[in-house]
Asker: 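Questions regarding the structure given below will be posed in turn.
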Number of protein chains: 2
Amino acid sequence: MLRLSKLTDYAVVVMVRLGRGEAVQTSPCIAAATGVPEPTVAKVLKILAAAGLVASHRGARGGYRLVRPLDAVPIADIIAAIDGPIALTACVDGGTSCEAQGLCPMRGRWDPVNRAIEAALAGITLADMADPGLSFAAPVEAAALGPLALPLPALHVAE
Amino acid sequence: MLRLSKLTDYAVVVMVRLGRGEAVQTSPCIAAATGVPEPTVAKVLKILAAAGLVASHRGARGGYRLVRPLDAVPIADIIAAIDGPIALTACVDGGTSCEAQGLCPMRGRWDPVNRAIEAALAGITLADMADPGLSFAAPVEAAALGPLALPLPALHVAE
DNA sequence: GAAATCAGGACCGTTGCGGTCCCCTTATCC
DNA sequence: GGATAAGGGGACCGCAACGGTCCTGATTTC
C-alpha cells in the first residue's frame, strides 16, 4: 500500500501539537492532549529528538520543544526520522549493493521515482498539515485545557 | 521506509521483460530470462492479469502479453495492482473511517500528500524504467540459458 | 535530598509479506 | 479424442518488521 508506519503518523500529530501552546511540553501532557498512549508518545519524541527535529530538556520542568517552526519542517524529514531514509528499493543511491550488480536490469532505474517522491514530500511542511482554520486560533487555550481535553483513541491511523 | 514490496519490484522487471522479445511469453520463460523464481513470476503475472495490465492465454502455446505498451503504463498502476491503492494512512479518501471522525485533528490532512505522491508516480512510465541501452541486446540468448542462468536471488530489492 | 523528567534499551505479540506448492481448468497439437 | 502445455486460484508456512509496553538509569529543578 505504499503505507507509512503508524509511528510516522503519530510523529506528525505530536509535532503539530508541539507547534501550538506552550513552548516546552512534557510527553505525558502531549499524550493526554493528543490521545496517543503515553509510552508511544515518549518513543516518538525520543526518535524525533535523536533526529534533531525536537529539542529535549531533562529534569523537573523539562520537556520537549520544536527546533524549527512547523512551516520549516517538511514531512519528508519526519518520515526519514521515523521510517528511515526514503528508498522504495534497497539499491538506490548506491546503498547496499545488490548481488547482481552488473546484471541487474533495473540498475538505478528506481532512482528517478525516488527523487520524484522525495520532491513531493519535501514540498509539504507540517504547517500545511496543521489544520489552518481550526484550533490554531486558540493555541494557548488548548494547552490550558490540560490532560484529557481531546480523547482521540485511535486517531485516523486506526485499522 | 516508505518501501514498496518486493513483488512490485518483480512486477516491474516482469513487465519490462514482456515489453521485449516475442509478444506472448510463458511464465517459465520469463522466470528464466529475469532470474526471478518461477513460482514468484507466476504469482506476479496472475496479479497483473487480474488487474488488467497483462492479458493471459491459456492452453498450449499460451502465455502472457502486454495489454498496453510500456510507455502507456505508469508505475502507479503497477504499485496499485500489487500493493493496493496508494494510501499512506488508513483514513484517506473516505476509506475505513477512524473512530475519532470529527475530533481527529489530522482529518483529511494526509490527502494532499497522497495526491502529490500519486502525481509523481503517475508521471513515470515503465518505458522510463526500461533500461534503454543495456542488456536489451541479448534477450533470446538469456532465455535460452534456461533456469539458474542468472543467479539473482535477491535482485536489487535485497535486504 | 527528593521529585520530575528524559535516555536508552529490552522485551514480546501480531501482522503482513515473501515464497512455495498443489490441484483444477482450458486450449492446442498429434 | 487423448496427451500435453500452460494459466487460475487458492492454501500454506516461516520469517522479519512493526507496534506497543515496560524497566532501569541519568539529569535537572526545587
Side-chain angles (χ1 to χ4, degrees), chain A residues 1-11 13-14 18 22 24-32 35-65 79 82-84 87-90 153-155 157-159, chain B residues 1-11 13-14 18 22 24-32 34-65 79 82-84 87 89-90 147 152-155 157-159:
Chain A
M1 306 85 179
L2 201 80
R3 181 155 302 178
L4 44 78
S5 67
K6 279 190 184 180
L7 283 194
T8 302
D9 192 18
Y10 289 149
V13 175
V14 167
L18 266 180
E22 302 175 9
V24 175
Q25 299 174 44
T26 69
S27 58
C29 173
I30 296 174
V36 180
E38 194 275 334
T40 301
V41 170
K43 187 176 193 172
V44 165
L45 282 170
K46 275 182 272 192
I47 298 173
L48 292 175
L53 289 169
V54 301
S56 63
H57 195 211
R58 305 223 275 196
R61 296 206 46 183
Y64 294 93
R65 65 177 173 80
I79 296 175
I82 304 289
D83 287 342
L88 293 183
T89 61
L155 285 172
V157 193
E159 196 61 13
Chain B
M1 306 87 179
L2 202 82
R3 182 156 300 177
L4 44 78
S5 67
K6 279 191 183 181
L7 284 193
T8 302
D9 191 18
Y10 290 149
V13 174
V14 166
L18 267 180
E22 305 174 9
V24 175
Q25 300 174 43
T26 69
S27 57
C29 172
I30 295 173
T34 59
V36 180
E38 196 273 334
T40 301
V41 170
K43 187 176 193 172
V44 166
L45 283 170
K46 274 183 271 192
I47 298 173
L48 293 175
L53 289 168
V54 302
S56 62
H57 196 209
R58 305 222 276 192
R61 293 207 47 182
Y64 294 92
R65 65 178 172 79
I79 296 174
I82 304 290
D83 287 341
T89 62
L152 309 178
L155 281 170
V157 191
E159 201 59 17

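Residue numbers start from 1 in every chain, and the chains themselves are labelled A, B, ... in the order their sequence lines are given, proteins ahead of strands.
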Asker: Base, sugar-phosphate, or nothing for A/L45, non-hydrogen atoms under 4.0 angstrom?
Answerer: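 Nothing, no heavy atom under 4.0 Å.
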Asker: Given C/dG19, D/dT29, C/dT20, identify the nucleotide with an atom nearest to the side chain of B/P39.
Answerer: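 For the B/P39 side chain, the nearest candidate turns out to be C/dT20.
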Asker: What's the closest nucleotide to the A/A60 side chain, out of C/dA4, C/dT28, D/dG19?
Answerer: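 Nearest nucleotide to the side chain: C/dA4.
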Asker: Out of the candidates A/V44, A/L45, A/V41, only one should pair with A/Y10 under the side-chain contact (heavy atoms from CB on, under 4.5 Å) rule; please name it.
Answerer: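 When side-chain contact (heavy atoms from CB on, under 4.5 Å) is applied between A/Y10 and each of A/V44, A/L45, A/V41, only A/V44 qualifies.
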Asker: Mind calculating the distance between CD1 (B/I47) and P (C/dG18) to the nearest angstrom?
Answerer: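 To the nearest whole Å, that distance equals 10 Å.
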Asker: Tell me which nucleotide among D/dG7, D/dG19, C/dC6 gets nearest to the side chain of B/Y64.
Answerer: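 Per side-chain heavy atoms of B/Y64, the pick is D/dG7.
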Asker: To the nearest Å, how far apart are B/H57 NE2 and D/dA6 P?
Answerer: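 About 13 Å, once rounded to whole Å.
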Asker: For B/E38 and A/K43, take the nucleotide of DNA chain D holding the closest heavy atom to each; which residue's nucleotide lies nearer the 5' end?
Answerer: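 So the residue in question is B/E38.
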Asker: Give the minimum heavy-atom separation between B/S5 and B/D83, together with the two atoms involved.
Answerer: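 Looks like OG-OD1, 2.6 Å.
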Asker: From CD of B/Q25 over to C1' of D/dA6, roughly how many Å is that when rounded to an integer?
Answerer: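 Distance, rounded to whole Å: 14 Å.
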Asker: Rounded off to whole Å, could you give me the CZ-to-P distance for the B/R58 and D/dG7 pair?
Answerer: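 About 10 Å, once rounded to whole Å.
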Asker: For the side-chain contact (heavy atoms from CB on, under 4.5 Å) test, which of B/E38, B/K43, B/K46 pairs with B/S27?
Answerer: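 Among the candidates, only B/E38 passes.
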Asker: Among B/I47, B/V14, B/L18, which residue meets the side-chain contact (heavy atoms from CB on, under 4.5 Å) test with B/V54?
Answerer: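 The single option meeting the side-chain contact (heavy atoms from CB on, under 4.5 Å) with B/V54 is B/L18.
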Asker: Relative to the 5' end of DNA chain C, which residue comes earlier, A/G62 or A/K46, by the nucleotide with the nearest heavy atom?
Answerer: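 Here A/G62 is the residue nearer the 5' end.
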Asker: Can you tell me if the side-chain N/O atoms of B/S27 get under 4.0 Å from OP1 or OP2 in D/dA6?
Answerer: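 Answer no for this pair, as no side-chain N or O of B/S27 is under 4.0 Å from OP1 or OP2.
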Asker: To the nearest 0.5 Å, what is the distance between OG1 (A/T8) and NZ (A/K6)?
Answerer: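 Going from the OG1 atom of A/T8 to the NZ atom of A/K6 covers 12.5 Å.
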Asker: Is any side-chain nitrogen or oxygen of A/T40 closer than 4.0 Å to OP1 or OP2 of D/dG19?
Answerer: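 Negative; the distance criterion is not met.
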Asker: Would you say a side-chain N or O of A/S5 is under 4.0 Å from OP1 or OP2 of D/dG19?
Answerer: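 The answer is yes; a side-chain N or O of A/S5 sits under 4.0 Å from OP1 or OP2.
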Asker: Between A/T8 and A/R61, name the one whose nearest nucleotide on DNA chain D is closer to the 5' end.
Answerer: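 Residue closer to the 5' terminus by nearest nucleotide: A/T8.
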Asker: Counting side-chain heavy atoms from C-beta on, which of C/dT25, C/dG19, C/dC17 comes nearest to B/K6?
Answerer: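 Per side-chain heavy atoms of B/K6, the pick is C/dG19.
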Asker: So which nucleotide from D/dG10, D/dG19, D/dT21 ends up closest to the side chain of A/L7?
Answerer: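 Nearest to the side-chain atoms of A/L7, counting from C-beta on, is D/dG19.
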Asker: For D/dG19, take OP1 and OP2 only and decide whether either is under 4.0 Å from a side-chain N or O of A/Y10.
Answerer: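 Indeed not, no polar side-chain atom of A/Y10 lies that close.
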